[in-house]
Amino acid sequence: MKLLSVVSLALVAIANAAPQGIDVSGWQPSINWATVKANGIQFAYIKATEGTSYTSPEFSKQYTGATNNNIIRGGYHFARPDISSGATQANFFLAHGGGWSADGRTLPGALDIEYNPYGASCYGLSASAMVAWIHDFSNTYHSKTSRYPVIYTTTDWWKTCTGNNGGFGTTNPLWIARWGSSIGTLPAGWTFTTFWQYADSGPNPGDADLFNGDSAGLKRMATG
């Protein structure tokens, strides 16, 4: 299947039968995963960690719920480049649910890197320092799992805080956050997005996502 960089939601969901997904965190403590599955959800990203001290109290229950209902799932880490190195946070993530195995049902871990909700938008880092931090996280994760992490971000943040660096598109799958009916412009280095977070709410818990492909492609993404 041809992978598209700018498409309408209707065309992706209907014409290409793109697998639907959700992403959730501790803000969604009571999820009926059987209902989620019945609603057509095929994959889920679940918050595991943040920085080097926070682990989601809901992660284990959410991960098990998705697994028991045959939903392809993976963990994600909320980046805090202001408090420790990328390698330190990658290792913390790996130690608390962010691992990957070639079992056909585990997505590679995702790095959630976006505007800082606690202070300076770019966490006090220059663009070059931010790029180095992301490489540090990514390379550490790859060295331990053989997979590069998915990068979740917005085009605006990427332009502002990395200088629109184009050095990750050949290694790291992109998970673009853009709420609306089209994806819009992607960050430099990527010609298509692998995942698209297109809404912050919907009929299922958490945010709404699509995989850019079909169910077989999603399975391959999990298998590696």
Side-chain angles (χ1 to χ4, degrees), residues 3 18-29 31 33 36-37 39-51 54-79 86 89-114 134 137-153 168 171-177 190 192-198 200 202 204-224:
L3 297 176
Q20 300 178 58
I22 58 174
D23 59 276
V24 297
S25 68
W27 291 105
Q28 292 83 34
I31 299 175
W33 288 98
V36 168
K37 178 69 173 181
N39 287 344
I41 295 301
Q42 296 188 43
F43 70 92
Y45 265 111
I46 301 166
K47 184 174 183 178
T49 52
E50 179 174 328
Y54 176 82
T55 59
S56 172
E58 303 299 327
F59 175 78
S60 180
K61 181 174 68 174
Q62 291 170 337
Y63 202 82
T64 299
T67 302
N68 290 345
N69 285 277
N70 297 313
I71 295 172
I72 293 174
R73 70 290 185 268
Y76 76 85
H77 173 80
F78 189 90
Q89 292 191 34
N91 285 321
F92 182 73
F93 179 43
L94 286 162
H96 296 91
W100 174 81
S101 59
D103 55 12
R105 61 181 184 176
T106 305
L107 294 167
L111 174 65
D112 176 351
I113 191 151
E114 56 182 280
I134 298 169
F137 184 101
S138 178
N139 291 337
T140 301
Y141 191 89
H142 179 264
S143 71
K144 302 294 179 63
T145 66
S146 80
R147 300 294 300 273
Y148 285 99
V150 174
I151 293 177
Y152 168 96
T153 195
F168 294 88
T171 52
N172 300 77
L174 176 64
W175 177 8
I176 196 71
W190 285 283
F192 63 88
T193 188
T194 299
F195 297 100
W196 174 20
Q197 184 191 82
Y198 64 87
D200 64 344
N204 298 291
D207 303 309
D209 302 279
L210 289 172
F211 173 73
N212 191 1
D214 55 18
S215 295
L218 180 65
K219 182 81 170 179
R220 289 192 297 272
M221 178 74 181
T223 304

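Just so you know, residue 1 is the first one in the sequence shown, and it goes up from there. As the structure is a computational prediction, the values presented were derived from the model and not from experiment.
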As an exercise, state the distance from [atom1] of [X] to [atom2] of [Y], rounded to the nearest 0.5 Å.
X: K219; Y: R105; atom1: NZ; atom2: CZ; value: 9.0 Å
X: N172; Y: N139; atom1: CG; atom2: CG; value: 8.5 Å
X: M221; Y: L107; atom1: CE; atom2: CG; value: 6.5 Å
X: R147; Y: T171; atom1: CZ; atom2: OG1; value: 12.0 Å
X: Q197; Y: L210; atom1: CD; atom2: CG; value: 11.0 Å
X: N69; Y: T64; atom1: CG; atom2: OG1; value: 11.0 Å

Shortest non-hydrogen contact between [X] and [Y], atoms and distance:
X: T223; Y: G104; value: OG1-CA, 3.3 Å
X: T67; Y: Y63; value: OG1-O, 2.7 Å
X: A66; Y: I46; value: CB-CD1, 4.4 Å
X: P205; Y: V24; value: O-CG1, 3.9 Å
X: S215; Y: P19; value: N-CG, 3.7 Å
X: P173; Y: P149; value: CD-O, 3.8 Å

Check whether any side-chain N or O of [X] sits under 3.5 Å from a backbone N or O of [Y] as a donor-acceptor pair, and report yes or no.
X: Q62; Y: S25; result: yes
X: S138; Y: I134; result: no
X: Y141; Y: G109; result: yes

Open item on the list: If only side-chain N and O atoms count, and only distance matters, is there a donor-acceptor pair under 3.5 Å linking W175 with D23?
Closed with: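 No.
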Min side-chain heavy-atom separation [X]-[Y] under 4.5 Å:
X: D112; Y: Y45; result: no
X: I72; Y: Q42; result: no
X: L174; Y: T153; result: yes
X: P108; Y: T145; result: no
X: T194; Y: N212; result: no

Task: Worked verdict on I176 versus W190 for side-chain contact (heavy atoms from CB on, under 4.5 Å) - done: CA-CA 10 Å; I176 196 71; W190 285 283; over 6 Å; no
- [ ] Taking the six-membered ring for Trp and the single ring otherwise, decide whether the centroids of F195 and F43 are under 6.0 Å apart.
- [x]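 When the ring centroids of F195 and F43 are compared, they turn out to be within the sub-6.0 Å range.
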Task: By salt bridge (charged side-chain N to carboxylate O under 4.0 Å, His left out) - contacts of K61 (at least two apart) - done: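 If we apply the salt bridge (charged side-chain N to carboxylate O under 4.0 Å, His left out) test to K61, skipping adjacent residues, the hits are E58.
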Task: Residues that Y148 engages under ring pair (Phe, Tyr, Trp, His ring centres under 6.0 Å), provided they are two or more places apart - done: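 In terms of ring pair (Phe, Tyr, Trp, His ring centres under 6.0 Å), with neighbours along the sequence ignored, Y148 is linked to H142.
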Can you list, pair by pair, the side-chain donor-acceptor contacts under 3.5 Å of residues 89-102, counting residues two or more places apart and other chains?
unit_1: Q89; atom_1: OE1; unit_2: H77; atom_2: NE2; d: 2.8
unit_1: Q89; atom_1: OE1; unit_2: R80; atom_2: N; d: 3.1
unit_1: Q89; atom_1: NE2; unit_2: R80; atom_2: O; d: 2.6
unit_1: Q89; atom_1: NE2; unit_2: S84; atom_2: OG; d: 3.0
unit_1: N91; atom_1: OD1; unit_2: K144; atom_2: NZ; d: 2.7
unit_1: N91; atom_1: ND2; unit_2: A87; atom_2: O; d: 3.2
unit_1: H96; atom_1: ND1; unit_2: F92; atom_2: O; d: 2.9
unit_1: W100; atom_1: NE1; unit_2: T106; atom_2: O; d: 2.9
unit_1: W100; atom_1: NE1; unit_2: A222; atom_2: O; d: 3.0
unit_1: S101; atom_1: OG; unit_2: D103; atom_2: OD2; d: 3.1

